[in-house]
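Worksheet for the structure shown next.
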Amino acid sequence: MVYVSVCDDNEMTAQKLKLLICKEFSGKNIACDCRVYLSGDEFLSVNEEKENELIILDIEMPGMSGIQVAERLKDTGRNKSIVFLTDYGQLVFQSLKCYPFAFIRKKHMETEIPEMLEQFLARMEKKKAAFVFSVGRNTIKMPAEEIMHLIYREHKIVLVNKDHETYAFRGTIRECWEQLKGGCFFQVNSGAIVNLRFGKRLEDAWIVMEDGSKIPVSREKRRACRLEFMKCWRENA
C-alpha cells in the first residue's frame, strides 16, 4: 500500500492530482490511499507518518505555506517524502533547504506526475533490498540501507550496522559488492565497502563514519568517492 497526501488550497487542483495519482497506481496494480487536505494546518492536525508515504505540498498557500509544513516535517525526517507543487520558480530555491524528494509544475502535472511516481516506486524497491549473509549456522537477512560499512579483516568480513552492532562472517568483498552495489554504497578500497549515508566527513585519505571509524580511501578512488559522497548527501540529507 502507498499512502499519498495531497495538500493544496485549490480543491480543483487537489482533486485533479488525486485522480492522476490514483490512475497511475491503479494501472500498475498498486493499492493507493490518497487523501486531500486544503490547508497546511489541516494536514498537520490529522496526518500521521506512514511507511511508503508520499506528501505533495503546494508551496504557496494562505496561512501555513507548503515550505512551512515541510520545515515541520523535516524535524522527523519526513521531508524525504515531500513533493513540492508550484508555478512560482522563484520559490523553488527557498524550498531547497527542506531537501524535498521532487518538484512538480502545476502546468505540467499530466507529464511530470507519472515520471515522479516512477522515481518514487524505484526508491521503494531500493528500500526493500536486503543483504544476506551467514554467521555460523544462522542466515541473516538485513535491510541493505541499515548497513554502515563492511571491512575485510583477518579472513572475515566485519559488518557494522546503523545500530553499531557488529557481525563477522566468511566471504569476500567482491561477493558483498555484488549484493550491495548501487545507491549510496561505495567500495573505498579493495577491502572495504561503506554506506555513504553514514559518512560524517571526508578527510584527505579517509572517510570518517558515524561510529567513529576512519576507513582509508585508496588514491584512485578519492575523486569518485568525493563526488558520490556529495551526490548521496544531496539525495538523502
Side-chain angles (χ1 to χ4, degrees), residues 1-128 143 145 183-184 197 231-237:
M1 174 74 78
V2 176
Y3 296 90
V4 183
S5 300
V6 177
C7 185
D8 193 316
D9 62 296
N10 186 314
E11 187 169 7
M12 186 176 296
T13 300
Q15 293 296 341
K16 182 179 180 179
L17 267 168
K18 180 177 179 178
L19 286 173
L20 283 169
I21 291 165
C22 290
K23 180 181 177 182
E24 284 296 315
F25 281 124
S26 177
K28 299 178 187 298
N29 294 315
I30 297 173
C32 172
D33 180 353
C34 186
R35 304 190 182 191
V36 167
Y37 304 89
L38 299 181
S39 72
D41 287 317
E42 180 189 2
F43 169 77
L44 290 174
S45 67
V46 300
N47 188 265
E48 296 180 353
E49 183 175 4
K50 294 182 175 67
E51 190 175 2
N52 299 331
E53 68 175 353
L54 189 62
I55 303 166
I56 301 179
L57 298 173
D58 186 8
I59 284 186
E60 195 164 65
M61 293 186 288
M64 182 173 287
S65 70
I67 293 175
Q68 289 173 313
V69 174
E71 287 174 341
R72 296 270 290 272
L73 297 177
K74 185 180 174 184
D75 292 338
T76 56
R78 295 176 72 191
N79 54 300
K80 298 174 185 176
S81 301
I82 289 173
V83 175
F84 278 127
L85 183 68
T86 184
D87 268 337
Y88 302 97
Q90 70 271 21
L91 295 175
V92 170
F93 181 77
Q94 182 183 350
S95 67
L96 287 174
K97 64 183 179 181
C98 299
Y99 302 107
F101 173 62
F103 292 91
I104 295 294
R105 294 170 294 177
K106 291 184 180 180
K107 293 180 180 179
H108 301 276
M109 290 193 302
E110 289 83 356
T111 57
E112 294 183 356
I113 285 290
E115 293 173 1
M116 179 273 293
L117 292 179
E118 285 291 339
Q119 295 172 6
F120 175 72
L121 292 173
R123 188 180 72 170
M124 279 178 54
E125 284 301 311
K126 190 180 295 183
K127 283 186 174 181
K128 292 179 185 176
E145 64 175 8
C184 282
R197 287 180 58 242
K231 177 184 175 184
C232 181
W233 181 85
R234 288 195 301 269
E235 293 177 353
N236 295 279

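Keep in mind that what you see is a predicted model, and the values were worked out from it rather than measured. Just the heavy atoms: all of them, side chains too, but no hydrogens, waters or symmetry mates, feed the values below.
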Looking at every non-hydrogen atom in both residues, tell me the closest pair between Met61 and Gly40 and how far apart they are. CE-N, 4.0 Å
Which pair of heavy atoms, one from Gly63 and one from Gln68, lies closest together, and at what distance?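 Gly63 and Gln68 have their closest heavy atoms at O-OE1, 3.6 Å.
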About how many Å separate [atom2] of [Y] and [atom1] of [X], when rounded to the nearest 0.5 Å?
X      : Y      : atom1 : atom2 : result
Ile82  : Cys7   : CD1   : SG    : 10.5 Å
Leu54  : Leu117 : CG    : CG    : 6.5 Å
Arg72  : Leu44  : CZ    : CG    : 5.0 Å
Ile104 : Asp58  : CD1   : CG    : 12.5 Å
Asp9   : Ser65  : CG    : OG    : 11.0 Å
Ile55  : Glu49  : CD1   : CD    : 8.0 Å

Using the ring-ring contact (aromatic ring centres under 6.0 Å, His included) rule, collect all pairs that involve residues 34-64, keeping only residues at least two apart or in two chains.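 Applying ring-ring contact (aromatic ring centres under 6.0 Å, His included) to every pair that reaches into residues 34-64, excluding sequence neighbours, yields Tyr37-Phe43.
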Would Ile56 and Ser5 satisfy side-chain contact (heavy atoms from CB on, under 4.5 Å), going step by step from the backbone distance to the final call? CA-CA 6 Å; Ile56 301 179; Ser5 300; over 6 Å; no
Does anything in residues 31-47 form a salt bridge (charged side-chain N to carboxylate O under 4.0 Å, His left out)? List the pairs, not counting sequence neighbours.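 The answer is Asp33-Arg35.
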State, with a plain yes or no, whether a side-chain heavy atom of Phe120 is found less than 4.5 Å away from one of Val83. no
Are side-chain heavy atoms of Thr13 and Leu85 found at a separation under 4.5 Å?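 In contact.
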Sequence neighbours excluded, which residues qualify as side chain to side chain donor-acceptor pair (under 3.5 Å) partners of Glu53? Arg78
Run the side chain to side chain donor-acceptor pair (under 3.5 Å) test against Arg105 and tell me which residues pass, sequence neighbours left out. Glu112
With side-chain contact (heavy atoms from CB on, under 4.5 Å) as the test, would you mind laying out the steps for Glu60 and Thr86 before giving the verdict? CA-CA 7 Å; Glu60 195 164 65; Thr86 184; over 6 Å; no
Atom pairs and distances, donor-acceptor, side-chain atoms in residues 16-31, under 3.5 Å, two or more places apart:
{"unit_1": "Lys16", "atom_1": "NZ", "unit_2": "Glu110", "atom_2": "OE2", "d": "2.7"}
{"unit_1": "Lys18", "atom_1": "NZ", "unit_2": "Cys34", "atom_2": "O", "d": "3.4"}
{"unit_1": "Lys28", "atom_1": "NZ", "unit_2": "Glu118", "atom_2": "OE2", "d": "2.4"}

Those residues that, when tested against Phe101, pass ring pair (Phe, Tyr, Trp, His ring centres under 6.0 Å) (two or more places apart):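 With neighbours one apart ignored, the set is empty.
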